[in-house]
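All remarks here apply to the structure that follows.
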Amino acid sequence: MMFHSKPRNLISLKKTSFFIFLFISISISFAFRITTPNPKEESLTYLWPLPSQFTSGNQSLSVDPSLTLSVKGHVGRGVSHILNAAFYRYRGIVFKHTGVGFGFGFVRKLKERMSVVPYDIASLKIILHSDKEELQLGVDESYTLQVSKADDSSIAGEVTIEANTVYGALRGLETLSQLCSFDYTTKTVQINKAPWSIKDKPRFAYRGLMLDTSRHYLPITVIKQIIESMSYAKLNVLHWHIIDEESFPLEIPTYPNLWNGSYSKWERYTVEDAYEIVNFAKMRGINVMAEVDVPGHAESWGAGYPDLWPSPTCKEPLDVSKTFTFDVVSGILSDMRKIFPFELFHLGGDEVNTDCWSNTSHVHEWLQKHNMTTKGAYEYFVLKAQEIALSKNWTPVNWEETFNTFPTKLHPETVVHNWLGPGVCPKAVAKGFRCIFSNQGVWYLDHLDVPWDKVYTAEPLEGIHKDSEQKLVIGGEVCMWGETADTSDVQQTIWPRAAAAAERLWSPRDSTSAKDITLTALPRLQHFRCLLNRRGVAAAPVTNFYARTAPVGTGSCYDQ
């Protein structure tokens, strides 16, 4: 089918002249922006997130596409497989334009035959001070990165990453990869503004992205792509909201009928799938925190075990009156504990409408027998679920409604997860609880009308002034709820706004608090969005009014 534009004679000459003038004006303006760089932008450091401390120079160093790795320090039985895999992964990213498909040896011999000047940097040295690879909350992710030029004692430059753990080394590798850029004229990879001296560490231990795979199923390949892109922004926790009232896609061997609640037999995750996701994430220094949201948001459970419903016509919250309900919760957590080693486990507890309990005769009788109100039953269920999680050596995380309703009854180790609005973390930490910041007004990615700058300027420590209480805010998390996101649009809904939160969570507060972030942060975020695009991540333009919408016209990635 062909579509025809309106005949030209339907547009008045006056309008035609206006549009021609407008087009010429926009073209001149665009050309001026491209050919006349902002001097302030030239002085920016195009690293995302911004390191804690750094200095740079004014030299450019070429990097050998046959770059080799040397690891020193506590390497135990040999080079860490996590570090080794990361080195080759990043080498593939950095040198993808240099003919790596022909083999590094071929490229080296070709350059030698062409009598090209030797590369400035031919090897990467990584110094590790520990060979332990346990990945838990608060693992040391600090690193130093030195890029030095050749001097009288050396004919070649040097790149050194030093870290206390392999996960710090991973963060250093990401920074190094962002320092490298391909020069299309010389067809070489260059590190500009050398020498570099970077000393870096995260501001918060917990830097998360929540992914909802219940409202729409996401294939494990897509989840892996999201995990990979998280590592580029130095996020370190995937909060996997696997199950909700709409679907139960995860295999639970102890109660195999539970995944009858999946959308279809093709939209499920096997135990092996879950293992694969957890291991894939660990290779990138990312923990996976699973969530089982109880007692609400659990209607899908009854597709396999209808006795979990209060009645066939009133299907949630889960039936609080039956021992079987808590047997199933325990069985789920036991099976999941074998998969998810992270110390935190999310038990939900939000948006619990207790009408089913008061309107179902046998539950109502149980409440009367135990002299319990529906509010008391809600508290009873949450605390019993916490006991189950604690018995399996998990620290419970709960949405803020539990804290708002019965703060004095929660287990003292509970991590309160804010979402409804501001002001919750200050109240939680004042009572000694740890807190995760996810204010829906700024960090819910499904809210498409929240612009990048509101995401960027959101402050997890707002309203918290005591050092002892600030330390109880373990970090924050952007949430990708899945009602309107699936494989077709999830990446461009996550990125680049999630990166704005990522810098807030990684970089020092004073370095992200400039008055005019359109000068200090926006050009760098646009640059990082283009970096994501080059790496195959479908990140949307930064400044579109509605997130994930396509570009409004032609132009450079760096100017949208």
Side-chain angles (χ1 to χ4, degrees), residues 212-217 241-252 254-265 267-268 290-333 336 346-389 396 398-406 409-410 417 419-420 481-484:
D212 173 9
T213 59
S214 174
R215 275 51 181 260
H216 282 101
Y217 174 85
H241 189 90
I242 312 173
I243 303 155
D244 212 290
E245 60 190 48
E246 290 84 0
S247 73
F248 196 119
L250 181 66
E251 178 185 16
I252 303 295
T254 302
Y255 291 95
N257 292 340
L258 280 169
W259 69 356
N260 289 355
S262 62
Y263 286 122
S264 71
K265 64 182 181 180
E267 294 168 291
R268 293 174 171 176
E291 179 177 359
V292 172
D293 196 347
V294 292
H297 290 279
E299 180 180 335
S300 62
W301 299 31
Y305 297 96
D307 283 351
L308 294 169
W309 291 331
S311 76
T313 57
C314 205
K315 299 180 178 180
E316 65 179 13
L318 295 169
D319 194 329
V320 67
S321 69
K322 293 178 182 175
T323 303
F324 177 63
T325 300
F326 297 100
D327 290 341
V328 173
V329 171
S330 181
I332 293 172
L333 268 59
M336 294 179 79
H346 210 301
L347 291 169
D350 62 309
E351 298 181 319
V352 179
N353 183 340
T354 58
D355 288 350
C356 265
W357 289 345
S358 55
N359 295 333
T360 304
S361 58
H362 77 271
V363 180
H364 182 68
E365 290 172 6
W366 182 88
L367 292 172
Q368 288 185 318
K369 179 181 177 181
H370 290 81
N371 194 27
M372 195 180 291
T373 63
T374 53
K375 181 180 176 181
Y378 168 46
E379 176 188 314
Y380 168 80
F381 201 117
V382 168
L383 297 184
K384 198 166 180 63
Q386 284 197 337
E387 289 176 7
I388 294 170
N398 282 99
W399 293 111
E400 68 174 73
E401 286 94 327
T402 59
F403 171 78
N404 296 339
T405 309
F406 42 90
K409 300 297 179 65
L410 289 172
H417 194 167
W419 75 276
L420 283 169
W481 294 104
E483 283 86 352
T484 63

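For the single chain, residues carry numbers from 1 onward in sequence order.
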Student check: side-chain heavy atoms of Glu245 and Lys315 closer than 4.5 Å: no
Which pairs of donor and acceptor atoms, one on a side chain in residues 295-306, lie under 3.5 Å apart (sequence neighbours left out)?
unit_1 : atom_1 : unit_2 : atom_2 : d
His297 : ND1    : Asp244 : OD1    : 2.8
His297 : NE2    : Asp350 : OD2    : 3.4
His297 : NE2    : Glu351 : OE1    : 2.9
Ser300 : OG     : Asp244 : O      : 2.6
Ser300 : OG     : Ser247 : O      : 3.4
Tyr305 : OH     : Asn257 : N      : 3.2

Side chains of Ile332 and Phe248: does their closest heavy-atom pair fall under 4.5 Å? yes
Distance-only, no hydrogens or angles: does the Lys322 side chain make a donor-acceptor pair with backbone N or O of Asp307 under 3.5 Å? yes
Could you give the distance from CD (Glu387) to OG (Ser330), rounded to the nearest 0.5 Å? 11.5 Å
Are Gln386 and Leu347 close enough that some pair of their side-chain heavy atoms sits under 4.5 Å apart? yes
Apply side-chain hydrogen bond (donor to acceptor under 3.5 Å, both in side chains) to Ser361 and list each qualifying residue two or more places apart in sequence or on a separate chain. none
Can you check whether Trp357 reaches Pro310 side chain to side chain, under 4.5 Å on heavy atoms? yes
I'd like to know if the side chain of Ser262 reaches the main chain of Lys265, judged simply by a donor and an acceptor atom lying under 3.5 Å from each other, with no hydrogens or angles considered. no
Nearest 0.5 Å, please: how far is CG in Asp355 from SG in Cys314? 7.5 Å
Of all heavy-atom pairs linking Leu420 and Glu400, the shortest is N-OE1, 2.9 Å
Can you check whether Leu258 reaches Val328 side chain to side chain, under 4.5 Å on heavy atoms? yes
For a quick check under 3.5 Å, do Ser321 and Asp319 share a side-chain donor-acceptor pair by atom type? yes
Across all chains, not counting sequence neighbours, the side-chain hydrogen bond (donor to acceptor under 3.5 Å, both in side chains) partners of Glu365 are none
For the pair Arg268 (side chain) and Trp259 (backbone), establish whether a donor and an acceptor sit closer than 3.5 Å, ignoring hydrogens and angles. yes
Below 4.5 Å, heavy atoms only, C-beta onward: do Val320 and Val363 meet side chain to side chain? yes
Distance flag, aromatic centroids of Trp366 and Tyr380, threshold under 6.0 Å: yes
Would you call Val352 and Phe381 a side-chain contact if the rule is heavy atoms closer than 4.5 Å? no
CD/Glu401 to CZ/Phe406 distance, rounded to the nearest 0.5 angstrom? 10.0 Å
Interatomic distance, Asp212 atom CG to Asp293 atom CG [nearest 0.5 angstrom]: 10.5 Å
Is there a side-chain contact between Pro317 and Cys356 in this structure, where contact means two heavy atoms from C-beta onward sitting under 4.5 Å apart? yes
Check whether Glu246 reaches the backbone of Arg215 with its side chain - one donor and one acceptor, N or O, closer than 3.5 Å. no
Quick one: pull up NE2 in His346 and CD1 in Ile242 and give me the separation to the nearest 0.5 Å. 12.5 Å
What distance do Thr402 atom OG1 and Tyr378 atom OH have between them, rounded to the nearest 0.5 Å? 5.5 Å
